[in-house]
Amino acid sequence: MEVSHFINTIIEEDIKSGKHKKAITRFPPEPNGFLHLGHARAIITNYMMAKNHGGYFNLRFDDTNPVKEDISFVEAIKEDIAWLGCHWENLFFASDYFDEMYERALLLIKKGKAFVDDLSADEIKEYRGDLTTPGKDSPYRNRLIEENLKLFIDMKNGVYPDGKKVLRVKIDMTSPNMNMRDPIIYRIQRAFHHNTGDKWCIYPMYDYAHPIEDAIEGITHSLCSLEFEDHRPLYDWVVENCEMENVPRQIEFGKLIMAGKVTGKRYIKQLVDNNVVIGWDDPRLITLSGLRRRGIPSEAITDFIVALGLPKSQGATEIDMLDQIVRDHLKSTAPRTNAVLDPLLLVIDNYPEDKVEYLEAENNRENEELGTRQIPFSKYIYIEREDFIEEKPNKKWKRLALGIEVRLMHAYFVKANSVEKDDKGNIIKVHCTYDVETKSGSGFNSRKPNGNIHFVDAERSKLAEIRLFDDLILDFENKDVPFFDKVNPNSLIVKSGLVEENMNPAEMDRFQFTRNGYYCVDKDSTDEHMVFNRIVSLRSSYKKKAN
RNA sequence: UGGGCUAUGGCCAAGUGGUUAAGGCACCGGACUUUGACUCCGGGAUCGAUAGUUCGACUCUAUCUAGCCCAGCCA
């Protein structure tokens with residue numbers, strides 16, 4: 001796929017100048033949570049940059065902090081990335097490189113570039129200064145190399161308790177860039193690591209580990225988000241001072257933010273823990289697993305990411321943009337089928353009592369390859385309640401009303417004559433007559449119907465659970481209201497609807513419910529109890545005109 | 001208040017000194033229509049502000065304003 005943005009330009013120049021023969025990239029998630037739409041930008045960008053420039057892309061789990069990570073996320077992340085179609089050449093773990101990182105740290109000490117600091121966490125914070133005040137050197141900064149070497153080895157060998165000492169690098173305590181004020185590169189942390197077990201009690205910090213990981217793997221372009229811009233000088237410092245053979249280049253791009261959508265891990269976790277959503281893969285979430293479960297095609301996500309480009313500006317993209325791309329993907333691939341979410345019985349008084357006709361209906365007018373199906377039609381059918389009104393309200397009304405004639409798609413014209421109501425005045429039945437002359441496909445065109453509506457045969461249809469989704473959080477930007485008070489109580493609407501009797505879908509099958517929207521079979525669905533998720537509704541100018 | 005980054009129509013976003021300032025989403029008209037869908041046609045910005053440089057600036061300079069990021073032994 002063609003892409004054009006500043007990073008692509010940089011890579012092309014590096015190849016043209018001979019600096020690199022190809023691009024090697026990586027996606028380095030920390031296995032501490034689920035991936036969401038925002039991550040898709042990083043994944044797809046890294047993947048495509050490598051693929052488009054003769055190279056390859058690695059998946060590397062950045063597992064340098066065992067207390068925050070969990071192996072269970074590793075499989076979930078792999079599944080999400082595979083789903084996006086971004087094939088990784090190698091699967092690595094930062095922990096694979098712990099030995100080499102340790103050796104490089106020894107090298108820094110020997111070069112007089114790193115020292116063991118005995119200051120407490122609070123003291124280190126105090127010595128660091130703040131945004132406007134320069135920091136000052138630690139009193140331990142000038143220890144002898146031999147002493148630093150011994151101390152660091154002792155740290156590694158478990159001589160000291162957690163937090164007692166750290167290894168820091170000597171740069172500049174007065175730097176305006178906080179990251180350069182003698183950053184800590186190793187801390188003591190007795191925690192079981194999913195990969196290295198209890199082998200280590202010291203773990204490298206991100207700023208030290210990441211550039212080494214990239215260099216070891218021969219990454220040419222290390223793409224990450226904007227908040228790491230301030231870390232780039234340190235990244236370069238580590239690569240240089242650790243004397244890494246390969247010199248990767250870090251380039252930052254803007255994060256993808258979706259307007260009105262929750263992406264913060266702690267917020268999603270709270271929603272999950274409080275059963276506001278049914279899990280990390282709830283279709284209302286924009287986690288990749290949620291989008292997948294909802295039925296969004298992964299190709300639509302790729303197209304969406306590419307369409308957005310790769311800006312450094314900050315803004316929130318509206319979900320409508322993704323929705324429209326999803327519709328574009330589904331319109332020619334999803335078979336049409338009729339479903340009635342809110343049934344109203346329609347009795348065709350002049351149709352024979354026991355007669356059943358099977359009418360041919362194309363599965364997709366835009367894609368004949370999807371073929372046709374036979375749909376049953378009889379005296380008793382269900383239509384959508386909102387497709388009938390007693391009195392036609394205005395000339396715009398293109399549905400059924402008393403005295404008005406519409407076409408039942410693929411069947412006949414029917415004219416409504418009377419209604420039956422219950423005690424409360426609710427319409428429970430509409431009586432109509434049909435015109436046999438108007439059968440679909442007969443070529444009849446001597447008069448036009450007032451509209452076209454769909455239906456489902458009353459007896460020959462199946463019940464199904466249909467889930468509709470709305471915004472999970474209302475008034476998202478309002479900071480005055482606590483997060484949980486903004487949860488939309490109606491973000492999930494469950495309908496008991498009727499679908500065609502021939503409906504017998506497999507998991508993840510997608511359909512267009514005629515005149516309504518695109519739906520996907522949910523993982524909760526069984527043969528006895530079908531469950532559909534609305535992926536996205538059809539566009540509609542109806543409600544807008546009505547108002 | 002120090003440093004880094006960003007600022008183009010309601011939203012996203014092209015554009016790197018000379019274009020009527022791309023495109024998508026959304027919105028508003030209209031055509032077509034056995035999905036009020038699809039498709040098609042039409043509609044809107046002088047580019048955060050100000051002052052400069054220049055024959056000419058969204059593109060260069062200066063100042064200002066606004067937003068985001070940084071003071072974890074997180075990543």
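Quick note on labels: first sequence line is chain A, next is B, and so on, each numbered from 1.
Distance A:Arg539 CZ to B:U39 C1': 11 Å, rounded to the nearest Å. One atom, CG of A:Leu256, and another, P of B:C25, lie 18 Å apart when rounded to the nearest Å. Rounding to whole angstrom units, CZ of residue A:Arg407 and P of B:G36 are separated by 11 Å.
Within the nucleic acid shown, A:Tyr186 has no heavy atom closer than 4.0 Å to any nucleic acid atom. In this structure, A:Leu119 reaches the bases: a heavy-atom distance under 4.0 Å links it to at least one base atom across the strands shown. A:His231 comes within 4.0 angstrom of a base, heavy atoms only. Heavy atoms of A:Ala307 sit nowhere under 4.0 angstrom from any nucleic acid atom. In this structure, A:Thr317 reaches the sugar-phosphate backbone alone: every heavy-atom distance under 4.0 Å involves primed, P, OP1 or OP2 atoms, never a base. Across all strands shown, A:Gly163 has heavy atoms under 4.0 Å from base atoms, whether or not it also approaches the sugar-phosphate. A:Leu308 comes within contact range of the sugar-phosphate backbone alone, with a heavy-atom separation under 4.0 Å but no base atom that close. No engagement by A:Arg232 is indicated, since no non-hydrogen atom pair under 4.0 Å with the nucleic acid exists. Within 4.0 Å (heavy atoms only), A:Gln512 reaches at least one base atom of the nucleic acid. Among the heavy atoms of the strands, none lies under 4.0 Å from A:Ala259. Among the atoms of the strands shown, base atoms are found under 4.0 Å from some heavy atom of A:Lys398. Contacts of A:Gly129 with the nucleic acid, taken as non-hydrogen atoms under 4.0 Å apart, involve only primed sugar atoms and P, OP1 or OP2. Residue contacts shown for A:Asp130 include a base, since a base heavy atom lies under 4.0 Å away. Within the 4.0 angstrom heavy-atom criterion, base atoms lie near A:Ile124.
The two residues A:Leu359 and A:Ala411 make their nearest non-hydrogen contact at CD1-CB, 3.6 Å. Here the closest heavy-atom approach between residue A:Phe511 and residue A:Met503 is recorded as CZ-SD, 3.7 Å. Counting all heavy atoms, side chain and backbone alike, A:Leu151 lies closest to A:Lys165 at CG-CE, 4.2 Å.
Between A:Phe152 and A:Tyr186, the distance separating the two ring centers is shorter than 6.0 angstrom. Residues A:Tyr140 and A:Tyr127 keep their aromatic ring centres 6.0 Å or farther apart.
At least one side-chain nitrogen or oxygen of A:Lys125 sits closer than 4.0 Å to the OP1 or OP2 atom of B:G72. OP1 or OP2 of B:A37 has not a single side-chain nitrogen or oxygen of A:Thr514 nearer than 4.0 Å. Distances shown here put every side-chain N or O of A:Arg336 at or beyond 4.0 Å from the OP1 or OP2 atom of B:C38. Within the 4.0 Å cut-off from OP1 or OP2 of B:G24, not a single side-chain nitrogen or oxygen of A:Gln324 is found. Taking 4.0 angstrom as the limit, A:Arg187 places none of its side-chain polar atoms (N or O) nearer than this to OP1 or OP2 of B:G72. At B:C38, none of the side-chain N or O atoms of A:Ser332 fall inside 4.0 Å of OP1 or OP2 (strictly under the cut-off).
Judged by distance alone with a 3.5 Å cut-off, no donor-acceptor contact links the side chain of A:Glu366 to the base of B:U39. For A:Arg515 against B:G36, a side-chain-to-base donor-acceptor contact under 3.5 Å is absent.
In a base pair of the Watson-Crick type (N1 to N3 plus N6-O4 or O6-N4) or a G-U wobble (N1-O2 and O6-N3), with each distance short of 3.5 Å, B:U46 is matched with no nucleotide. When Watson-Crick and G-U wobble pairs are counted only if both distances are under 3.5 Å, B:U16 pairs with no nucleotide at all. Using the Watson-Crick or G-U wobble rule with both distances under 3.5 Å, B:C68 pairs with B:G4. In a base pair of the Watson-Crick type (N1 to N3 plus N6-O4 or O6-N4) or a G-U wobble (N1-O2 and O6-N3), with each distance short of 3.5 Å, B:C73 is matched with no nucleotide. Using the Watson-Crick or G-U wobble rule with both distances under 3.5 Å, B:U54 pairs with nothing in any strand shown. Under the Watson-Crick or G-U wobble criterion, with both distances below 3.5 Å, B:A37 has no partner in any strand shown.
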Could you write nucleotides 1-6 of chain B as a row of B, S and -, 5' to 3', where a protein heavy atom under 4.0 Å of any base atom gives B, of only sugar-phosphate atoms gives S, and otherwise -?
BBBSSS
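Annotation: cation-pi geometry not satisfied between A:Arg515 and A:Tyr542 (NZ/CZ under 6.0 angstrom from ring centroid, within 45° of ring axis).
Across the P atoms, B:U63 and B:C25 are found 41 Å apart, a figure rounded to whole Å. Between B:U54 and B:C60, the two C1' atoms lie 9 Å apart (nearest whole Å). Taking atom C1' on both nucleotides, B:U50 is separated from B:C58 by 16 Å, rounded to a whole Å. To the nearest whole angstrom, the two C1' atoms, one in B:G42 and one in B:C32, are 15 Å apart. Remark: the separation of the C1' atoms in B:U6 and B:G48 is 11 Å, to the nearest Å. Of the P atoms belonging to B:C28 and B:U20, the separation is 32 Å, rounded to the nearest Å. Rounded to the nearest Å, the gap between the P atom of B:G9 and that of B:A22 is 14 Å.
Atom CZ of A:Arg447 has more than 12 heavy atoms from other residues, nucleotides or ligands within 6.0 Å.
Between the side chain of A:Arg327 and the backbone N or O of A:Ser537, at least one donor-acceptor pair lies under 3.5 Å.
Glycosidic torsion of B:G15 falls outside 90° of 0, placing the base in anti.
Side chains of A:Phe377 and A:Ile348 form a contact here, defined as non-hydrogen atoms less than 4.5 Å apart. Here the side chains of A:His194 and A:Asp70 are not in contact, with every heavy-atom distance at 4.5 Å or above. Inter-residue side-chain proximity for A:Ile375 and A:Phe455 is flagged as met; some heavy-atom pair is nearer than 4.5 Å.
Both A:Ala316 and A:Lys331 lie near RNA chain B, and the one whose nearest nucleotide falls closer to the 5' end is A:Ala316.
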